[in-house]
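One structure below.
Please read these numbers as outputs of a predicted model, since none were measured by experiment.
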Amino acid sequence: MTAKVTYESVEVGTELPVRSFPVTRATLVRYAGASGDFNPIHWNERFAREVGLPDVIAHGMFTMAEAIRVVTDWTGDPGAVVEYGVRFTKPVVVPDDDEGARIEVSGKVGALLDDRRVRVDLTVMSDGKKVLGMSRAVVRLA
């Protein structure tokens with residue numbers, strides 16, 4: 001695949017489409033099975049509270065994966081991502097109800113780099129709190 005967005009079509013400040021991703025307890029159970037991460041803080045409310053958390057929390061890597069979808073959907077090519085990193089700042093708390101939580105992601109081009117690459121800065125929020133800090137991806141555009 002090749003990125004569908006061209007380097008010439010973007011500038012610093014170009015905004016990516018905002019996305020919202022639902023997260024329920026069922027989502028966490030499925031992710032635990034796929035990833036092999038069965039830490040009880042991700043599915044057992046009693047355990048999560050015993051270790052000082054407000055409730056069950058989403059896996060950090062799951063949160064990262066949902067956030068980068070904004071970039072891969074924008075470029076049209078997951079292979080366009082050449083670097084990606086975040087700092088975990090707050091957990092995504094997932095209540096035991098029919099709605100769960102939402103991860104809200106916005107992004108914009110933060111820098112134009114060499115070799116047709118751009119840095120995309122992401123803002124990742126849940127329940128009004130920033131859950132990932134320094135969330136940045138470098139992507140190679142067409």
Side-chain angles (χ1 to χ4, degrees), residues 1-5 7 9-142:
M1 296 178 88
T2 302
K4 295 176 184 172
V5 178
Y7 184 81
S9 69
V10 299
E11 58 188 36
V12 171
T14 297
E15 295 186 11
L16 282 63
V18 175
R19 294 281 309 272
S20 178
F21 303 99
V23 186
T24 64
R25 295 279 177 98
T27 308
L28 299 181
V29 170
R30 286 191 300 274
Y31 182 82
S35 69
D37 181 352
F38 293 100
N39 186 323
I41 64 173
H42 303 304
W43 57 269
N44 184 314
E45 184 175 334
R46 178 184 45 79
F47 184 85
R49 291 184 188 279
E50 284 175 0
V51 299
L53 295 168
D55 205 334
V56 165
I57 63 170
H59 302 72
M61 298 306 270
F62 172 81
T63 304
M64 276 183 77
E66 292 293 77
I68 197 66
R69 286 175 59 189
V70 168
V71 176
T72 59
D73 289 352
W74 175 65
T75 64
D77 179 11
V81 177
V82 295
E83 291 178 35
Y84 178 45
V86 306
R87 180 179 306 147
F88 298 103
T89 56
K90 300 266 187 222
V92 175
V93 178
V94 183
D96 188 15
D97 59 22
D98 292 336
E99 294 185 30
R102 295 198 82 70
I103 299 170
E104 310 285 344
V105 185
S106 61
K108 66 180 177 180
V109 174
L112 301 176
L113 308 171
D114 62 352
D115 197 25
R116 307 190 71 75
R117 297 174 308 135
V118 299
R119 188 190 77 222
V120 176
D121 301 331
L122 299 171
T123 301
V124 185
M125 310 281 290
S126 183
D127 196 30
K129 299 176 186 104
K130 194 173 196 178
V131 296
L132 297 179
M134 299 296 291
S135 184
R136 294 181 173 170
V138 174
V139 294
R140 183 168 287 111
L141 300 178

Would you give the length of the straight line joining atom [atom1] of [X] to atom [atom2] of [Y], rounded to the nearest 0.5 angstrom?
{"X": "E66", "Y": "M61", "atom1": "CD", "atom2": "CE", "result": "13.0 Å"}
{"X": "N44", "Y": "E50", "atom1": "CG", "atom2": "CD", "result": "7.5 Å"}
{"X": "E104", "Y": "R19", "atom1": "CD", "atom2": "CZ", "result": "11.0 Å"}
{"X": "R140", "Y": "L113", "atom1": "CZ", "atom2": "CG", "result": "10.0 Å"}
{"X": "L122", "Y": "L16", "atom1": "CG", "atom2": "CG", "result": "7.5 Å"}
{"X": "S135", "Y": "K130", "atom1": "OG", "atom2": "NZ", "result": "8.5 Å"}

(Q) Give me each pair satisfying ring-ring contact (aromatic ring centres under 6.0 Å, His included) with a member in residues 65-110, each pair once, sequence neighbours excluded. (A) none

Q.
Strictly by ring-ring contact (aromatic ring centres under 6.0 Å, His included), give each pair with a member in residues 50-72 just once, sequence neighbours left out.
A. Y31-H59, Y31-F62, H42-H59

Contacts of type salt bridge (charged side-chain N to carboxylate O under 4.0 Å, His left out), residue [X], not counting sequence neighbours:
{"X": "R119", "result": "D121"}
{"X": "E15", "result": "none"}
{"X": "D127", "result": "K129"}
{"X": "D97", "result": "none"}

Q. Is there a donor-acceptor pair closer than 3.5 Å between any side-chain N or O of R49 and the backbone N or O of R46?
A. no

Please name the pair of heavy atoms, one in [X] and one in [Y], separated by the smallest distance, quoted to 0.1 Å.
{"X": "E45", "Y": "V56", "result": "N-CG2, 3.5 Å"}
{"X": "A58", "Y": "V23", "result": "CB-CG1, 4.4 Å"}
{"X": "Y7", "Y": "L141", "result": "N-CB, 3.7 Å"}
{"X": "P91", "Y": "I57", "result": "CB-CG2, 3.6 Å"}
{"X": "V71", "Y": "A137", "result": "CG2-CB, 4.4 Å"}
{"X": "S20", "Y": "R102", "result": "OG-NE, 2.8 Å"}

Does some side-chain heavy atom of [Y] sit less than 4.5 Å from a side-chain heavy atom of [X]?
{"X": "V105", "Y": "T123", "value": "no"}
{"X": "V94", "Y": "L28", "value": "yes"}
{"X": "T14", "Y": "V5", "value": "no"}
{"X": "V139", "Y": "V82", "value": "no"}

Q | Electrostatic pair D77-K4, nearest N-O below 4.0 angstrom | A | no

**Q.** Residues D55 and R25 bridged, charged N to O under 4.0 Å
**A.** yes

